[in-house]
Amino acid sequence: MKRDECFRPFISPNPITSFNPVQISPKIDKRSFISPFSSVIGDVVIRKNVYVAPNVSIRADEGTPFYIGSNTNLQDGVILHGLLNKLISVGGKGYSIFISKEVTIAHGALVHGPCYIGNKVFVGFKSIVYNAIVQSGVFISNNAVVINGVHIPKNRFVPPGANIDTQEKADALSKVPADSKEFAREVQRVNQEFPASYNLLFGENRCSCGVAYNGRRKEGAE
């Protein structure tokens with residue numbers, strides 16, 4: 001068995017259900033990379049140079065659609081899911097989850113729609129963002145929770161373990177410290193190199209679903 005035939009990610013249209021009767025397949029830019037053991041299901045748009053690490057679940061089978069902007073990285077164990085018929089409006093269109101450009105979602109975090117995450121947001125390890133609007137430049141620390149329809153203003157810092165469940169708490173957040181800004185920038189710098197590097201490792205030729213294949217392989221070859 002060839003290297004690029006091993007451990008492919010699971011990339012699939014949504015299953016047909018009474019509440020979601022039309023199957024839509026993911027649209028993944030060929031310059032992005034979906035790691036082995038990850039799942040991308042349903043109406044999901046993934047723009048260029050996105051890195052999806054192993055064991056990520058992007059499941060638009062209930063809440064839908066999802067959008068993931070360019071240069072974003074979803075690290076190991078991240079979960080994206082959404083509630084049925086609960087949407088955020090972006091540019092006049094409804095989304096279950098909208099993730100903008102250069103976002104980092106760190107290991108083990110849960111982002112659950114309806115949810116909007118702005119440019120250059122950092123979502124820390126094992127944190128939860130659910131039913132929230134998170135504006136650009138926000139830093140959400142490890143094990144923090146952002147829920148209940150709150151709106152986090154730009155460039156605010158959510159401390160480790162904080163539970164931001166009211167707008168009053170969200171409005172009281174301080175600005176992102178310089179060391180956290182630098183940490184988020186460095187994580188972005190590292191992860192933006194991964195899509196191109198992993199694409200070379202797993203295969204340069206990619207179908208519209210994002211899966212690599214060997215361009216020299218003939219039909220029926222072993």
Side-chain angles (χ1 to χ4, degrees), residues 3-4 6-11 26-40 44-58 66-80 97-111 115-129 134-144 146 152 154-162 175-206 210-212:
R3 178 177 59 189
D4 58 6
C6 298
F7 311 121
R8 291 183 177 182
F10 181 74
I11 299 175
K27 298 178 181 63
I28 301 170
D29 191 283
K30 295 179 181 180
R31 292 163 288 185
S32 290
F33 179 78
I34 313 299
S35 294
F37 308 110
S38 291
S39 297
V40 185
V44 179
V45 172
I46 297 179
R47 294 303 189 190
K48 68 179 181 180
N49 205 50
V50 171
Y51 174 58
V52 177
N55 299 307
V56 170
S57 175
I58 304 172
F66 296 175
Y67 178 94
I68 301 171
S70 60
N71 296 314
T72 286
N73 66 94
L74 309 181
Q75 298 178 9
D76 311 65
V78 165
I79 296 173
L80 270 59
I97 294 176
F98 189 98
I99 297 173
S100 301
K101 299 177 181 179
E102 298 183 36
V103 172
T104 291
I105 303 181
H107 311 286
L110 166 64
V111 175
C115 186
Y116 171 87
I117 296 180
N119 294 333
K120 299 184 178 181
V121 168
F122 182 92
V123 179
F125 312 118
K126 296 186 177 180
S127 56
I128 298 173
V129 183
V134 180
Q135 294 288 3
S136 299
V138 170
F139 189 103
I140 299 173
S141 301
N142 306 346
N143 295 297
V146 178
I152 307 292
K154 292 182 179 180
N155 302 314
R156 299 301 176 93
F157 179 74
V158 179
K175 296 289 187 178
V176 179
D179 59 344
S180 294
K181 282 186 179 179
E182 180 56 33
F183 177 75
R185 280 195 294 266
E186 179 62 11
V187 171
Q188 267 296 316
R189 185 190 69 79
V190 169
N191 280 273
Q192 284 182 9
E193 291 194 23
F194 281 146
S197 297
Y198 271 109
N199 279 334
L200 288 175
L201 180 65
F202 279 81
E204 294 180 340
N205 300 299
R206 314 189 78 75
V211 172

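Residues take their numbers from the sequence shown, with the count starting at 1.
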inquiry  = Can you tell me how the ring of Phe122 sits relative to the ring of Phe183, calling it parallel under 30°, perpendicular over 60° and tilted otherwise?
reply    = perpendicular

task = Working to the nearest 0.5 Å, report the span between OG of Ser39 and CD1 of Ile58.
result = 9.0 Å

query = Counting only N and O atoms by type, is there a donor-acceptor contact under 3.5 Å from the side chain of Ser32 to the main-chain atoms of Arg47?
reply = yes

task = Hey, could you give me the CZ/CG distance between Phe139 and Asn155, rounded to the nearest 0.5 Å?
result = 13.0 Å

query = Looking just at side-chain N and O atoms, do Thr104 and Gln188 make a donor-acceptor pair shorter than 3.5 Å?
reply = yes

ask   = Can you find a heavy atom in the side chain of Gln192 that is under 4.5 Å from one in the side chain of Glu102?
value = yes

ask   = Is the closest side-chain heavy-atom distance between Ser136 and Lys120 below 4.5 Å?
value = no

key: Thr72 side chain to Gly69 backbone, donor-acceptor under 3.5 Å   = yes

ask   = Do the non-hydrogen side-chain atoms of Leu74 and Val111 ever get within less than 4.5 Å of each other?
value = no

Arg156, CZ atom: more than 12 neighbouring heavy atoms under 6.0 Å = yes

request  = Identify the two heavy atoms, one from Val40 and one from Pro26, that lie closest to each other, and give their separation to 0.1 Å.
outcome  = O-CG, 3.5 Å

remark   = Output for pair (Asp29 CG, Ile46 CD1), nearest 0.5 Å, gives 9.5 Å

request  = Take atom NZ of Lys175 as the centre, draw a 6.0 Å sphere, and report whether it contains more than 12 heavy atoms from other residues, nucleotides or ligands.
outcome  = yes

Criterion side-chain contact (heavy atoms from CB on, under 4.5 Å) on Ile99 and Leu80, from CA distance to verdict = CA-CA 10 Å; Ile99 297 173; Leu80 270 59; 3.7 Å; yes

message = So, taking the atom named CZ in Phe125 and the one named CG in Asp76, what distance separates them when rounded to the nearest 0.5 Å?
response = 10.0 Å

query = So, the side chain of Ser141 versus the backbone of Val158: is there a donor-acceptor pair under 3.5 Å, distance only?
reply = yes

query = What's the shortest heavy-atom distance between Val103 and Gly118, and which atoms?
reply = CG2-O, 3.2 Å

note = Here the gap from Asn142 atom CG to His107 atom NE2, rounded to the nearest 0.5 Å, amounts to 10.0 Å

task = Taking all heavy atoms of Pro195 and all of Arg31, pick out the closest pair and write down the distance.
result = CB-O, 3.6 Å

task = Write down the atom of Ser38, the atom of Val52, and the distance for their closest heavy-atom approach.
result = OG-CG1, 4.1 Å

Side chains of Val129 and Val134 in contact at under 4.5 Å (non-hydrogen atoms) = yes

inquiry  = Side chains of Asn73 and Val50, heavy atoms from C-beta outward: is any pair under 4.5 Å?
reply    = no

query = Do the non-hydrogen side-chain atoms of Cys115 and Phe98 ever get within less than 4.5 Å of each other?
reply = no

task = Quick one: closest heavy-atom pair of Ala144 and Pro159, and the distance?
result = CB-O, 3.7 Å

remark   = dist Gln135:CD -> Ile117:CD1 (nearest 0.5 Å) comes out at 11.5 Å

ask   = Taking all atoms of both residues into account, what is the closest heavy-atom pair of Val123 and Ala109, and its distance?
value = CG1-CB, 4.1 Å

key: Beyond-backbone contact of Ser35 with Tyr51, side-chain heavy atoms, under 4.5 angstrom   = yes

query = Do Asn191 and Glu193 have a side chain donor and acceptor closer than 3.5 Å?
reply = no

task = Step by step, work out the side-chain contact (heavy atoms from CB on, under 4.5 Å) result for Gln75 and Val187.
result = CA-CA 11 Å; Gln75 298 178 9; Val187 171; 3.6 Å; yes

ask   = Does a donor on one side chain and an acceptor on the other come within less than 3.5 Å for Asn71 and Asn49?
value = yes

message = With a 4.5 Å cut-off on side-chain heavy atoms, are Ile68 and Val45 touching?
response = no

